[in-house]
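Notes follow once the structure below has been shown.
So that the names make sense, note that chain A is the first sequence line, chain B the second, and so on, each numbered from 1.
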Amino acid sequence: MRSSTAGKARKVKGEGETFATQVLEVVRKIPRGKVLTYGQVAALVGSPRAARIVGGVLFRLGKKSKVPWQRVLNARGMLSTYRVGCGEEQKKRLQAEGLRFNRQEAIELERYQWWPTARQLKAWRVDDDLAASIHQRFGW
DNA sequence: TCAGTGACTCCCC
DNA sequence: CGGGGAGCCACTG
């Protein structure tokens, strides 16, 4: 059996997929000018409480990576990356995509948060139960 | 194999 | 409304 820890993951893992590869698969699809929260990404790959791990995966991306890591931020619409030294870089990239930050250094999630289409969810093999639980949790 | 870790989140005061 | 604290869980060495 493949390492789907705790048996809580409801999203089916394809051959050779890990939590990390699934995270990157999701992040790569975030449209320019839109964002997802760490928790949202975690939920989409079937581990709704693994938000911290999403951050860890993105942290270990190489500088040359083409994955749009700047499009992932925390549940308050703020950047968690200042503490690891790339907050300014993330802010700069997001501003270049048209996002505006308020006085609290936050963006309006209601305005910029991305919700994948049903077609996209299917492509990621997110089953109906998981999709339903995500809808409920995030009021999507 | 296993304990330590943390780009999170939520709850409580 | 703000900050402190405690779960959380896949990755890492």
Side-chain angles (χ1 to χ4, degrees):
Chain A
M1 199 200 289
R2 193 161 286 289
S3 66
S4 107
T5 22
K8 286 171 190 161
R10 278 164 295 184
K11 180 178 183 302
V12 178
K13 280 187 173 59
E15 197 58 37
E17 283 192 322
T18 64
F19 180 87
T21 64
Q22 294 186 110
V23 164
L24 298 183
E25 188 182 356
V26 168
V27 175
R28 265 191 275 262
K29 293 290 188 188
I30 306 174
R32 179 183 172 84
K34 290 293 183 179
V35 298
L36 288 186
T37 66
Y38 297 99
Q40 226 182 331
V41 175
L44 285 168
V45 304
S47 295
R49 287 174 287 186
R52 304 186 70 152
I53 321 302
V54 173
V57 169
L58 298 181
F59 174 69
R60 284 182 283 279
L61 282 176
K63 193 77 175 174
K64 290 175 292 187
S65 172
K66 289 177 183 171
V67 175
W69 56 267
Q70 73 271 18
R71 297 176 190 153
V72 184
L73 31 68
N74 68 36
R76 299 177 324 197
M78 302 180 80
L79 307 186
S80 293
T81 47
Y82 283 103
R83 45 175 311 188
V84 291
C86 49
E88 287 303 331
E89 171 72 11
Q90 183 173 17
K91 183 178 181 183
K92 187 175 133 191
R93 288 186 181 205
L94 289 177
Q95 286 177 323
E97 297 188 0
L99 277 75
R100 316 292 284 278
F101 287 78
N102 65 25
R103 205 158 306 162
Q104 284 80 211
E105 290 295 296
I107 59 111
E108 286 178 48
L109 275 183
E110 317 80 58
R111 180 173 174 190
Y112 298 112
Q113 193 165 31
W114 179 55
W115 295 107
T117 61
R119 168 185 288 274
Q120 180 62 73
L121 293 180
K122 188 174 183 183
W124 285 333
R125 299 177 306 287
V126 173
D127 65 50
D128 294 342
D129 285 348
L130 178 54
S133 71
I134 294 175
H135 289 165
Q136 180 172 12
R137 170 176 168 190
F138 294 97
W140 166 24

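Across E97(A), Q90(A), K91(A), K92(A), a single residue satisfies side-chain hydrogen bond (donor to acceptor under 3.5 Å, both in side chains) together with Q70(A), and that is E97(A).
Nearest to the side chain of S47(A), among dA7(B), dA10(C), dC8(B), sits dA10(C). In the set dA7(B), dT9(B), dC11(C), dC11(C) carries the atom at the smallest distance from any side-chain atom of T18(A). If you check dA10(C), dA7(B), dT9(B) against the side chain of F59(A), the one that comes closest is dA7(B).
Dashed line: the shortest gap from a side-chain N or O of S80(A) to OP1 or OP2 of dC8(B) is under 4.0 Å. In this structure, T37(A) does not reach the dC8(B) phosphate: none of its side-chain N or O atoms is under 4.0 Å from OP1 or OP2. Between R52(A) and the phosphate of dC8(C), there is no side-chain N or O to OP1/OP2 separation shorter than 4.0 Å.
In this structure, Q104(A) places its CD atom 12 Å from P of dG3(C), rounding to the nearest Å. Taking atom CZ of R49(A) as the reference point, atom P of dT9(B) lies 14 Å away to the nearest angstrom. In this entry the distance linking OH of Y38(A) with P of dC8(C) reads 21 Å, nearest Å. Computed from coordinates, the R60(A) CZ to dG13(C) P distance equals 8 Å when rounded to whole Å. Between L109(A) atom CG and dT9(B) atom P the separation is 10 Å, expressed in whole Å.
One distance of note links CD of E88(A) with CD of Q95(A); it measures 8.5 Å at 0.5 Å rounding.
Contact annotation for A42(A): no contact, since no heavy-atom pair falls under 4.0 Å across all strands. Heavy atoms of R76(A) sit nowhere under 4.0 angstrom from any nucleic acid atom.
Taking the six-membered ring for Trp and thresholds of 30 and 60 degrees, H135(A) and W140(A) have ring planes more than 60 degrees apart, a perpendicular arrangement.
Using modelled atom types, one finds no donor on one side chain facing an acceptor on the other under 3.5 Å when comparing Q113(A) with E108(A).
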